[in-house]
Amino acid sequence: MLRKRYIDTTKLIVDVNELELINETQVLVYHEDKWYNEVIVDLEGQEEKFIELKSHIVFIAKNLCKLDSMAQHYSVLHGDSKFVDDYEIAYIRLVELDEVSLTYYGIQENTEFDVVFQCVDSGFLLKSFGSIKNIASDWDKISSTFIS
């Protein structure tokens with residue numbers, strides 16, 4: 001089952017002028033609400049680029065629901081229909097300017113893993129999901145696409 005999360009526009013920070021660097025390396029992009037915890041972008045090692053990264057951070061924030069939905073869809077197609085109930089986004093890292101890593105944490109058990117996306121034009125391609133790397137760009141059209 002897929003669930004649209006992080007869609008409350010009153011909780012999303014999508015104005016570059018409202019972005020703030022907190023805790024020296026973190027930028028809040030989704031305020032906590034009664035359903036989902038807050039989501040931050042962690043700029044560790046890139047804090048000096050904060051000003052120039054603001055528009056990219058807003059782009060990611062605006063697409064937070066889309067990224068989460070893609071991760072949910074991949075998980076459901078490959079056998080984990082409980083993903084939406086068992087995992088939430090803990091934080092986001094900018095690996096490269098064209099690569100975004102969402103770190104999910106387990107709600108029911110103490111675990112975390114990364115889901116990596118490549119920014120292409122004005123969209124995203126799923127690149128890896130936990131230990132599954134090099135995911136084919138047409139993963140949603142073919143079943144069980146695991147390329148190691």
Using the rule that two of Ile, Leu, Val, Met, Phe, Trp, Tyr join whenever any of their side-chain heavy atoms come within less than 4.5 Å, decide whether [X] and [Y] are in one cluster.
X     : Y     : result
Ile92 : Ile22 : yes
Ile51 : Leu21 : yes
Phe50 : Val39 : yes

Is there a side-chain contact between [X] and [Y], using heavy atoms and a 4.5 Å cut-off?
X      : Y      : value
Val100 : Val116 : no
Tyr105 : Thr111 : no
Leu102 : Tyr91  : no
Met70  : Phe117 : yes
Tyr74  : Val115 : no

Inset, instruction - Report, as yes or no, whether the 6.0 Å neighbourhood of atom CG on Asp15 holds more than 12 heavy atoms from other residues, nucleotides or ligands. - result: yes

Legend entry - Glu47, CD: over 12 other non-hydrogen atoms inside 6.0 angstrom: yes

Please identify each residue that fulfils side-chain hydrogen bond (donor to acceptor under 3.5 Å, both in side chains) with [X], with sequence neighbours left out.
X      : result
Asn23  : Gln26
Asp114 : Arg93, Thr103
Ser128 : none
Ser55  : none

Rounded distance (nearest 0.5 Å) linking atom [atom1] of [X] with atom [atom2] of [Y]:
X      : Y      : atom1 : atom2 : value
Thr25  : Asp42  : OG1   : CG    : 4.0 Å
Glu99  : Gln118 : CD    : CD    : 7.0 Å
Asp138 : Ile135 : CG    : CD1   : 11.5 Å
Lys11  : Leu28  : NZ    : CG    : 10.5 Å
Phe83  : Asp85  : CZ    : CG    : 10.5 Å
Asp121 : Asp98  : CG    : CG    : 11.5 Å

Nearest atoms (heavy-atom pairs only) where [X] meets [Y]:
X     : Y     : result
Val16 : Lys54 : O-NZ, 3.4 Å
Leu2  : His73 : CD2-N, 3.4 Å
Leu94 : Gln46 : O-NE2, 2.6 Å

Inset, instruction - Would you confirm whether Tyr6, through its side chain, and Leu12, through its main-chain N or O, come within 3.5 Å as a donor-acceptor pair? - result: no

Inset, instruction - Test Ile40 against Val29 for side-chain contact (heavy atoms from CB on, under 4.5 Å), laying out the working first. - result: CA-CA 5 Å; Ile40 57 111; Val29 293; over 6 Å; no

Inset, instruction - Would you mind listing every salt bridge (charged side-chain N to carboxylate O under 4.0 Å, His left out) that reaches into residues 17-29, with sequence neighbours excluded? - result: none

Inset, instruction - Taking the six-membered ring for Trp and the full ring for Phe, Tyr or His, determine whether the centres of Phe113 and Tyr87 are under 6.0 Å apart. - result: yes

Residues 56-69, side-chain donor-acceptor partners within the protein, below 3.5 Å, at least two apart:
unit_1 : atom_1 : unit_2 : atom_2 : d
His56  : NE2    : Leu97  : O      : 2.9
Asn63  : ND2    : Phe59  : O      : 2.8
Asp68  : OD1    : Arg5   : NH2    : 2.8
Asp68  : OD1    : Tyr104 : OH     : 2.7
Asp68  : OD2    : Arg5   : NE     : 2.8
Asp68  : OD2    : Arg5   : NH2    : 3.4
Asp68  : OD2    : Gln72  : NE2    : 2.8
Ser69  : OG     : Cys65  : O      : 2.9

